[in-house]
**Q** 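One structure, as structure tokens, below. Some questions next.
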Amino acid sequence: MERAELLERVSDRTAADEQSAADVTRAVLETLGERLSEDEAEDLAAQLPGELSQHLTEGESGQRFSEEEFVSRVDQRMDTVDVPGQEAATTVLGTVLEAVDESERAAVVDQFEHYGFEELLAETDADVDVGDRTPGEY
């Protein structure tokens with residue numbers, strides 16, 4: 001998925017303008033990059049277009065924080081956007097999961113389940129069954 005298409009989907013789903021959609025996406029990807037392991041952030045970044053991928057790898061990866069802290073960090077990072085952090089997080093995460101291949105989608109979903117981020121996952125409509133996979137399978 002190209003950058004413009006990804007941002008257009010985020011814009012449509014959040015009813016935000018293009019600039020706000022870019023800000024929402026940046027905030028979520030930066031926070032996601034902090035929470036994922038360095039390897040997982042790099043793997044996911046490799047499947048996203050240009051500047052979007054950079055947001056995943058700019059910060060310190062592998063940080064441990066709760067689902068509530070994830071949403072709080074997203075809220076704090078959004079400069080002028082009137083989109084709640086929870087909505088921003090689930091919208092961008094769901095759109096990113098649509099944009100990547102199935103094995104990467106499964107790896108991200110597995111990581112979020114491991115972190116206890118089930119509520120965010122449930123709201124994304126992510127259709128990935130990782131229950132029968134072992135970490136070596138993706």
**Q** For Arg73 and Gln63, does a side-chain donor sit closer than 3.5 Å to a side-chain acceptor?
**A** yes
**Q** Which heavy-atom pair separates Phe112 from Leu121 by the least distance, and what is that distance?
**A**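 Here Phe112 and Leu121 meet closest at CB-CD1, 3.6 Å.
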**Q** I'd like to know if the side chain of Glu68 pairs up with that of Ser72 as donor and acceptor (distance under 3.5 Å, no hydrogens or angles considered).
**A** no
**Q** Grab the two heavy atoms, one from Glu104 and one from Asp43, that are nearest each other, plus how far apart they are.
**A**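 Shortest heavy-atom separation between Glu104 and Asp43 comes out as OE1-CB, 3.5 Å.
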**Q** So Leu48 and Leu6, do their side chains get closer than 4.5 Å, heavy atoms only?
**A**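 Yes, their side chains come closer than 4.5 Å.
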**Q** Asp23 and Arg77: which non-hydrogen atoms are nearest, and at how many Å?
**A**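 Distance-wise, the nearest heavy atoms are OD1-O, 4.2 Å.
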**Q** What's the separation between atom OG in Ser66 and atom OH in Tyr115, rounded to the nearest 0.5 Å?
**A**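 The distance works out to 13.0 Å.
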**Q** Measure the shortest side-chain to side-chain distance between Glu87 and Glu123 over non-hydrogen atoms and say whether it is less than 4.5 angstrom.
**A** no
**Q** Any donor-acceptor pair under 3.5 Å linking the side chain of Ser20 with the backbone of Ala16?
**A** no
**Q** Check Glu67 against Gly116 and note the closest heavy-atom contact, atom names and distance.
**A** OE1-O, 4.0 Å
**Q** Please test Arg13 against Glu98 for salt bridge (Lys or Arg N to Asp or Glu O under 4.0 Å), starting from the C-alpha separation and ending with a verdict.
**A** CA-CA 13 Å; Arg13 292 171 179 174; Glu98 291 172 1; 3.0 Å; yes
**Q** Rounded to the nearest 0.5 Å, what separation is found between the CD atom of Glu8 and the CE atom of Met1?
**A**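 Answer rounded to 0.5 Å: 10.0 Å.
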**Q** Roughly how far, to the nearest 0.5 Å, is CG of Leu56 from CD of Glu38?
**A**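 The CG atom of Leu56 is 12.5 Å from CD of Glu38, to the nearest 0.5 Å.
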**Q** Phe70 ring centre to Arg35 NZ or CZ under 6.0 Å, with the angle to the axis within 45°?
**A**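 That pair does not qualify as a cation-pi contact.
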**Q** Could you check if a side-chain atom of Thr91 sits within less than 4.5 angstrom of a side-chain atom of Val24, using non-hydrogen atoms only?
**A**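 They are not in side-chain contact.
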**Q** When rounded to the nearest 0.5 angstrom, what is the spacing between CZ in Arg26 and CG in Leu29?
**A**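 Interatomic distance, Arg26 CZ to Leu29 CG, rounded to 0.5 Å: 9.5 Å.
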**Q** Distance-only, no hydrogens or angles: does the Ser11 side chain make a donor-acceptor pair with backbone N or O of Leu7 under 3.5 Å?
**A**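 No; judged by distance alone, with no hydrogens or angles, the pair does not exist.
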**Q** Stepwise, does the side-chain contact (heavy atoms from CB on, under 4.5 Å) test hold for Val100 with Val108?
**A** CA-CA 10 Å; Val100 300; Val108 172; 5.9 Å; no
**Q** Ignoring hydrogens, what is the shortest heavy-atom contact between Ala27 and Val74? Give both atom names and the distance.
**A** CB-O, 3.9 Å
**Q** What's the separation between atom OG in Ser37 and atom CD in Glu42, rounded to the nearest 0.5 Å?
**A**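 CD of Glu42 is found 8.5 Å from OG of Ser37.
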**Q** Does Glu18 have more than 12 heavy atoms from other residues, nucleotides or ligands lying within 6.0 Å of its CD?
**A** no
**Q** Can you see which heavy atom on Gly85 is nearest to which on Asp75, and at what distance?
**A**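 Distance-wise, the nearest heavy atoms are N-OD1, 2.8 Å.
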**Q** Is Glu5 atom CD crowded by more than 12 heavy atoms from other residues, nucleotides or ligands, each under 6.0 Å away?
**A** yes
**Q** Rounded to the nearest 0.5 Å, how far apart are CG of Leu120 and OG1 of Thr124?
**A**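 Reported to 0.5 Å precision, the distance equals 8.5 Å.
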**Q** Is a salt bridge present between Arg9 and Asp12, judged by a nitrogen-to-oxygen distance below 4.0 Å?
**A** no
**Q** Can you pull out every side-chain hydrogen bond (donor to acceptor under 3.5 Å, both in side chains) where at least one residue sits in residues 50-61? Sequence neighbours excluded, please.
**A** Arg3-Glu51
**Q** Verify, without hydrogens or angle tests, whether Gln47 (side chain) and Asp101 (backbone) share a donor-acceptor contact under 3.5 angstrom.
**A** yes
